[in-house]
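The next block holds one structure in the form of structure tokens; read it before the comments.
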Protein chains: 2
Amino acid sequence: MAKKEPASVSMLVLALLKGREMYGYQIIEELDKRSEHVFQMKEGTLYPVLHGLEKERLVTAREAVTEKGRTRRYYTITEKGLRVLDEKEKEWRTFSTAVTAILAGA
Amino acid sequence: MAKKEPASVSMLVLALLKGREMYGYQIIEELDKRSEHVFQMKEGTLYPVLHGLEKERLVTAREAVTEKGRTRRYYTITEKGLRVLDEKEKEWRTFSTAVTAILAGA
DNA sequence: TTGACATACATAGAGCATCTAGGTATAATG
DNA sequence: CATTATACCTAGATGCTCTATGTATGTCAA
């Protein structure tokens, strides 16, 4: 298809980061919670996506250590990331609307 | 993700065939029209999908020749195909709802 | 105190849906 | 008569996501 489906995982991650900075493991939990268990992302899916987003400068990362001694990588969405998210959201709406029209038997 | 995205192309094709039998080329045109040019499927995408659906007995095919002499393969959705379509539609709604919730910043 | 489970990061390789690019053949159109 | 539209087809590449692992530490129950 000409207008391909927007890459869902990266869009969802960027959408979560729009609200506040988050670390990987937390993103997985939040996605599960906010989607009411529809999105149970695996670490093997998320971490490569986060590294990709960082490489494209859609997010930045900082390392932090909790009082307990755990190391976490916190991700923040960039200006560029916000623009890309906006674009992906538009594509999603277009795609979703089209699917709905077909299913409805327009 | 645990609940993966429903295979969109086959779902859309089955949805179109729900109304009436159609041949390949026609499916491409109808998808384009009904989606308002969002889905511009390529033949290289559609034909293998149709063959797969036929193999799984979700559709049946018959060959027909027009007065003009053109050969067409008309596809009809089967009972099994209707059940699978129903299932895919449900999955789509679940998926779509979840994405919307995340984008809304639930 | 040890075994199990949760937290938190990571990578390599497989799987699968779709796309790109090519092919065949006939009808219509300018 | 050459180009475009119709109508079918396949092989191979691409790219996203998953499976399967691996490392390391913290917590909690038996």
Side-chain angles (χ1 to χ4, degrees), chain A residues 1-14 21-33 35 38-56 58-59 61-75 88 91-92 95 99, chain B residues 1-14 21-33 35 38-56 58-59 61-75 84 88 91-92 95 98-99:
Chain A
M1 323 247 242
K3 301 231 176 69
K4 69 176 186 323
E5 189 162 355
S8 28
V9 168
S10 54
M11 178 182 67
L12 294 172
V13 169
L14 289 174
E21 71 169 7
M22 292 176 77
Y23 57 94
Y25 203 80
Q26 185 185 15
I27 289 172
I28 289 172
E29 290 179 317
E30 279 291 313
L31 258 181
D32 178 72
K33 197 165 87 184
S35 71
V38 175
F39 298 136
Q40 290 170 353
M41 203 186 301
K42 297 295 152 51
E43 289 152 286
T45 302
L46 179 64
Y47 291 117
V49 167
L50 283 173
H51 299 158
L53 292 175
E54 196 181 356
K55 203 170 177 183
E56 294 172 61
L58 305 185
V59 301
R62 70 176 181 91
E63 220 138 278
V65 181
T66 64
E67 314 90 57
K68 314 285 181 183
R70 289 209 175 282
T71 301
R72 291 168 173 170
R73 272 178 75 78
Y74 281 91
Y75 291 90
K88 280 173 189 279
E91 282 168 30
W92 161 255
F95 176 84
V99 170
Chain B
M1 323 246 241
K3 302 228 177 71
K4 70 177 187 323
E5 189 163 357
S8 27
V9 167
S10 52
M11 179 181 69
L12 295 173
V13 169
L14 289 174
E21 71 168 8
M22 291 177 77
Y23 57 94
Y25 204 80
Q26 185 185 15
I27 290 173
I28 290 172
E29 290 178 318
E30 279 291 314
L31 259 181
D32 177 73
K33 196 165 86 183
S35 72
V38 174
F39 297 136
Q40 291 170 354
M41 204 185 301
K42 296 295 152 50
E43 290 154 284
T45 302
L46 179 64
Y47 291 115
V49 166
L50 283 173
H51 300 158
L53 292 175
E54 196 181 355
K55 201 170 178 184
E56 294 172 60
L58 305 184
V59 300
R62 71 176 180 90
E63 218 138 278
V65 181
T66 64
E67 314 91 56
K68 315 285 183 184
R70 288 209 174 283
T71 301
R72 291 169 173 170
R73 272 178 74 78
Y74 281 91
Y75 291 91
V84 169
K88 280 173 189 280
E91 283 168 29
W92 161 256
F95 176 83
V99 170

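Heavy-atom basis, side chains included; hydrogens, waters and symmetry copies ignored. Throughout, a chain's letter reflects where its sequence line sits, starting with A, and its residues are numbered from 1. These numbers come from a predicted model, not from an experiment.
At whole-Å resolution of the value, CD in B:Glu30 and C1' in D:dA7 are 16 Å apart. The CE-P distance, from A:Met41 to D:dT17, rounds to 8 Å in whole Å. Between the CD atom of B:Glu63 and the P atom of D:dA7 there is a distance of 13 Å, rounded to whole Å. Atom CZ of A:Arg73 is separated from atom P of D:dT23 by 21 Å (rounded to the nearest Å). When the P atom of D:dC8 is taken as reference, atom CG of B:Leu50 falls 9 Å away, rounded to whole Å. In this structure, OH of B:Tyr74 is placed 11 Å from C1' of D:dA7, rounded to the nearest angstrom. Note: CZ (B:Phe39) to P (C:dA17) measures 17 Å, nearest angstrom. One can place CD of B:Glu54 at 11 Å from P of D:dT10, the figure rounded to the nearest angstrom.
Take B:Glu54 and apply the salt bridge (charged side-chain N to carboxylate O under 4.0 Å, His left out) test, not counting sequence neighbours, and it matches B:Arg73. For A:Glu21, the side-chain contact (heavy atoms from CB on, under 4.5 Å) partners are A:Arg62, A:Tyr74, A:Thr76, not counting sequence neighbours. Contacts of A:Glu43 classified as side-chain contact (heavy atoms from CB on, under 4.5 Å), with partners at least two apart in sequence or in another chain: A:Tyr25, A:Ile28, A:Tyr47. For A:Val99, the side-chain contact (heavy atoms from CB on, under 4.5 Å) test picks out A:Phe95, A:Leu103, B:Met11, B:Leu12, B:Phe39, B:Trp92, with sequence neighbours left out.
Residues B:Gly44 and A:Gly24 both approach DNA chain C. Their nearest nucleotides, taken by heavy-atom distance, put A:Gly24 toward the 5′ side.
To the nearest 0.5 Å, atom CE of residue B:Met22 and atom CG of residue B:Leu31 are 7.5 Å apart. Here the CG-NZ distance, from A:Leu50 to A:Lys55, works out to 14.5 Å after rounding to the nearest 0.5 Å. Between B:Ile27 atom CD1 and B:Tyr75 atom OH the span is 7.5 Å, to the nearest 0.5 Å.
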Find every protein N or O atom lying less than 3.5 Å from an N or O atom of nucleotides 28-30 of chain C, and list the pairs.
none

Collect all protein-nucleotide pairs involving nucleotides 5-7 of chain C in which both atoms are nitrogen or oxygen and the distance is under 3.5 Å.
residue, atom, partner, partner atom, Å
C:dT7, OP2, A:Tyr25, OH, 3.3
C:dT7, O2, A:Arg70, NH1, 2.9
C:dT7, O2, A:Arg70, NH2, 3.3

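OP1 or OP2 of D:dA24 has not a single side-chain nitrogen or oxygen of A:Thr71 nearer than 4.0 Å. A sub-4.0 Å separation between OP1 or OP2 of D:dT17 and a side-chain N or O of A:Ser8 is present. In terms of phosphate contacts, B:His51 brings no side-chain nitrogen or oxygen within less than 4.0 Å of OP1 or OP2 of D:dC8. Close to C:dC9, at under 4.0 Å from its OP1 or OP2, lies a side-chain N or O of A:Tyr47.
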Exercise. Going through the distances and angles, do B:Lys33 and B:Glu30 end up as a salt bridge (charged side-chain N to carboxylate O under 4.0 Å, His left out)?
Worked result: CA-CA 5 Å; B:Lys33 196 165 86 183; B:Glu30 279 291 314; 3.7 Å; yes
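Using a 4.0 Å heavy-atom cutoff across all strands shown, A:Gly69 reaches no nucleic acid atom at all.
The minimum heavy-atom distance between A:Leu53 and A:Ser10, with the atom names listed, is CD2-CB, 4.0 Å.
Taking every side-chain heavy atom of A:Val9 into account, D:dT17 is the closest of D:dT10, D:dT17, C:dT18.
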Exercise. Which string of ( ) [ ] | and . matches DNA chain C, if you list each base 5' to 3' and count Watson-Crick or G-U pairs only when both distances are under 3.5 Å?
Worked result: ||||||||||||||||||||||||||||||
